[in-house]
Amino acid sequence: MSVLAARRTASARPCSCPQPLPCQCSYATLLKARVKAVRVTGRGEPLLRNGHILAASSLLAAGLGSMFWILATRSYSAETVGRSYAALAAASFLSTLGSFNLGDVLVRFVPTAGRHTRRLVLRCYVTSAVFSALAAGAFLLLIPLIAPGLAYLREPVMAAAFMAATAGYALFVLQDGALTGLRRTGWVLGENALFAIAKSGMLALCAALAVGTGILVSWSVALVLAILLTNLVLFGRAMPARQRSDESGRPDAAPPQRVARYATADYVGNLCSVATYSVVPLLVLNHLGAGQSAYYSLAFIIADTLYVAAFSMGHSLVVEGADAPERLVELARHMLRHSGLLLAGAVAVVVAAAPWILGLFGPDYASHGTTVLRLMVLAAVPNAVLSVAIQVARVRRSVTWMIGLRLAFAVVVISLAAGLLPLLGLNGVGLAWLAAECALAVPLLLTLRRWLPLANRRPT
């Protein structure tokens, strides 16, 4: 519909009121028609705008997070940094296990939850906080067996703080999902910036005051601050504003259906991804030793920034596709083209600058890690196809695809890495990532018209 056609439509009798034209009703009808025309022609499309903000949020979090640890290494001993990093990594991992990936559930269901949004978010909050705390408690009991170096966490005060921090980090992730579902992606960016800046500022203060547990204290205080302020915005402004909107608030919407089934499938798929990120580094460590493991880990961190940015951008596709399922094919194809072009440009830059990027961490990293970094960065381009396919499956609530795609990738990349490591060393791991991404992306592209048919189909 063009704007001219919309104006002609509105010029006809648009209402049954007795007032002569043009009346207030006709102006309202014209405005709605023009808004619809703008959406159809692509102007004001929130898909890419919110996608860019989410990708920027991921990149910002990664960049400022690196600054936090650089400051930590200059303020505390290597032993303190190592113990603190291990504790925070454990809290993050346990919150992932205990939260059941409900942050992505909120991304999928909040756009259509209407007046049930608050209840949905609170139920996810309680579930994630409780089970994350329980996972942390179980970990504390098993520390003597699996992580003796973290025995200090078993002290009463530290144990309580560790369980609270694990539950808090689960909420930190969930509030991002709720804000994304409400299209408040600017607050997602602001929240991550606040958390990163606050923890760096607190770390500097703790170091100046010679606080021995300054790394953990600064991280925890910044986390509490980010959660409090963000939820004031979420429950005090974002949700009420959504409820007041007749079009977006969906006051007559039914409660989300089959949420548990969806959450289970998405959780299992996410565990497949977690297994991939955990098993491959262990293969490198066992076959090549600690030194080569360090080179691989740094290369993966850099490449993973592009993977995470693409996946974060895809959350915008889930929101818009869930809100307008009749446009899913159009939106998904648009996202596929756009993210592919963006990643291709970013990959070209990193591939060319790989030796200089790694050289910032030392000459050994550049000499041993350049090739594997280039291979893993190249894998980001086919990864864009896999990311879009997973997000489409989420919109359609296709359990088979939600689990199958990530399970297939996990099996392929781990098998290839195990086979290529003895033959090609560290470069074999990079080749395994690239080959695995292509092994899934190429068939998906060849069958694009089957899973993204021109005649759209609604999600089940």
Side-chain angles (χ1 to χ4, degrees), residues 55 58-59 62 269 272-288 292-314 336-358 365-391 404-448:
S58 299
L59 296 174
C272 294
S273 299
V274 171
T276 304
Y277 300 147
S278 302
V279 172
V280 175
L282 292 178
L283 291 175
V284 175
L285 180 63
N286 293 336
H287 283 80
L288 304 179
Q292 294 291 316
S293 177
Y295 305 141
Y296 165 78
S297 298
L298 187 58
F300 175 76
I301 289 172
I302 296 172
D304 189 52
T305 301
L306 298 181
Y307 304 157
V308 172
F311 204 75
S312 298
M313 184 182 296
L336 185 59
R337 289 191 298 268
H338 187 77
S339 60
L341 289 174
L342 285 180
L343 283 171
V347 165
V349 172
V350 177
V351 167
W356 291 274
I357 295 173
L358 292 174
Y365 286 92
S367 60
H368 292 89
T370 295
T371 301
V372 67
L373 173 58
R374 284 172 169 166
L375 289 170
M376 295 182 72
V377 166
L378 285 171
V381 176
N383 176 260
V385 181
L386 181 61
S387 175
V388 169
I390 292 173
Q391 307 297 12
L405 287 173
R406 284 178 284 188
L407 176 61
F409 178 76
V411 171
V412 173
V413 73
I414 292 173
S415 300
L416 287 176
L420 293 176
L421 259 172
L423 300 175
L424 302 175
L426 197 60
N427 294 337
V429 183
L431 186 59
W433 276 95
L434 178 58
E437 295 284 6
C438 291
L440 269 71
V442 171
L444 285 171
L445 287 175
L446 293 176
T447 59
L448 185 64

Q: Please find the pair of heavy atoms, one from L336 and one from A384, that lie closest to each other, and give the distance.
A: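 That closest heavy-atom pairing would be CD1-O, 4.1 Å.
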Q: Does A294 have any side chain to side chain contact (heavy atoms under 4.5 Å, CB included) partners at least two apart in sequence or in another chain, and if so, which?
A: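 Side chain to side chain contact (heavy atoms under 4.5 Å, CB included) check on A294 returns Y365.
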Q: For the atom pair CG (L420) and NE2 (H287), what is the distance rounded to the nearest 0.5 Å?
A: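 NE2 of H287 is found 11.0 Å from CG of L420.
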Q: Please find the pair of heavy atoms, one from A299 and one from L373, that lie closest to each other, and give the distance.
A: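 That closest heavy-atom pairing would be O-CD1, 3.5 Å.
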Q: Work out which heavy atom in A309 is nearest to a heavy atom in S58; give both atom names and the distance.
A: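 Shortest heavy-atom contact: CA-CB, 4.3 Å.
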Q: Is the side chain of D304 donor-acceptor paired with the backbone N or O of F300 at a distance under 3.5 Å, no angle test?
A: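 Checked: no pair found.
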Q: I need the minimum non-hydrogen distance between L378 and P382, along with the two atoms involved.
A: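 Shortest heavy-atom contact: O-CD, 3.3 Å.
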Q: Between E437 and F409 (side chain of the first, backbone of the second, donor and acceptor by atom type, cut-off under 3.5 Å), is there such a pair?
A: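 No, because the side chain of E437 does not come within donor-acceptor range (under 3.5 Å) of the backbone of F409.
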Q: Could you state the interatomic distance from CZ (R406) to CG (L440), rounded to the nearest 0.5 Å?
A: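 Here the rounded value is 12.5 Å.
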Q: OG/S278 to CG/L283 distance, rounded to the nearest 0.5 angstrom?
A: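 S278 OG to L283 CG: 11.0 Å, rounded to 0.5 Å.
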Q: Keeping the roles fixed (side chain from T447, backbone from P443), state whether a donor-acceptor pair exists under 3.5 Å.
A: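 It does hold such a pair.
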Q: If I take atom OG from residue S273 and atom CZ from residue F311, how far apart are they, to the nearest 0.5 angstrom?
A: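 Here the interatomic distance stands at 7.0 Å.
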Q: Grab the two heavy atoms, one from L375 and one from L431, that are nearest each other, plus how far apart they are.
A: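 For L375 and L431, the tightest heavy-atom pair comes out as CD1-N, 3.6 Å.
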Q: If you measure from CG on L342 to CZ on R337, what distance do you get to the nearest 0.5 Å?
A: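 It comes to 13.0 Å.
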Q: Taking all non-hydrogen atoms of both residues, which atom of A275 and which atom of I414 are closest, and how far apart?
A: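 Where A275 meets I414 most closely, the heavy atoms are O-CD1, 4.4 Å.
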Q: Using a 3.5 Å cut-off and no angle test, enumerate the donor-acceptor pairs between side-chain atoms of residues 345-358 and protein atoms at least two apart in sequence or in another chain.
A:
none

Q: For L426, which residues count as a side chain to side chain contact (heavy atoms under 4.5 Å, CB included) partner, sequence neighbours excluded?
A: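 Expected list: V284, L288, Q292, Y295, Y296, V372.
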Q: In Å and rounded to the nearest 0.5 Å, what is the CG to OG distance from L298 to S293?
A: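 Output value for this atom pair is 11.0 Å.
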Q: Under a 4.5 Å cut-off applied to non-hydrogen side-chain atoms, are V280 and W433 in contact?
A: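 Yes; the side chains approach each other to less than 4.5 Å.
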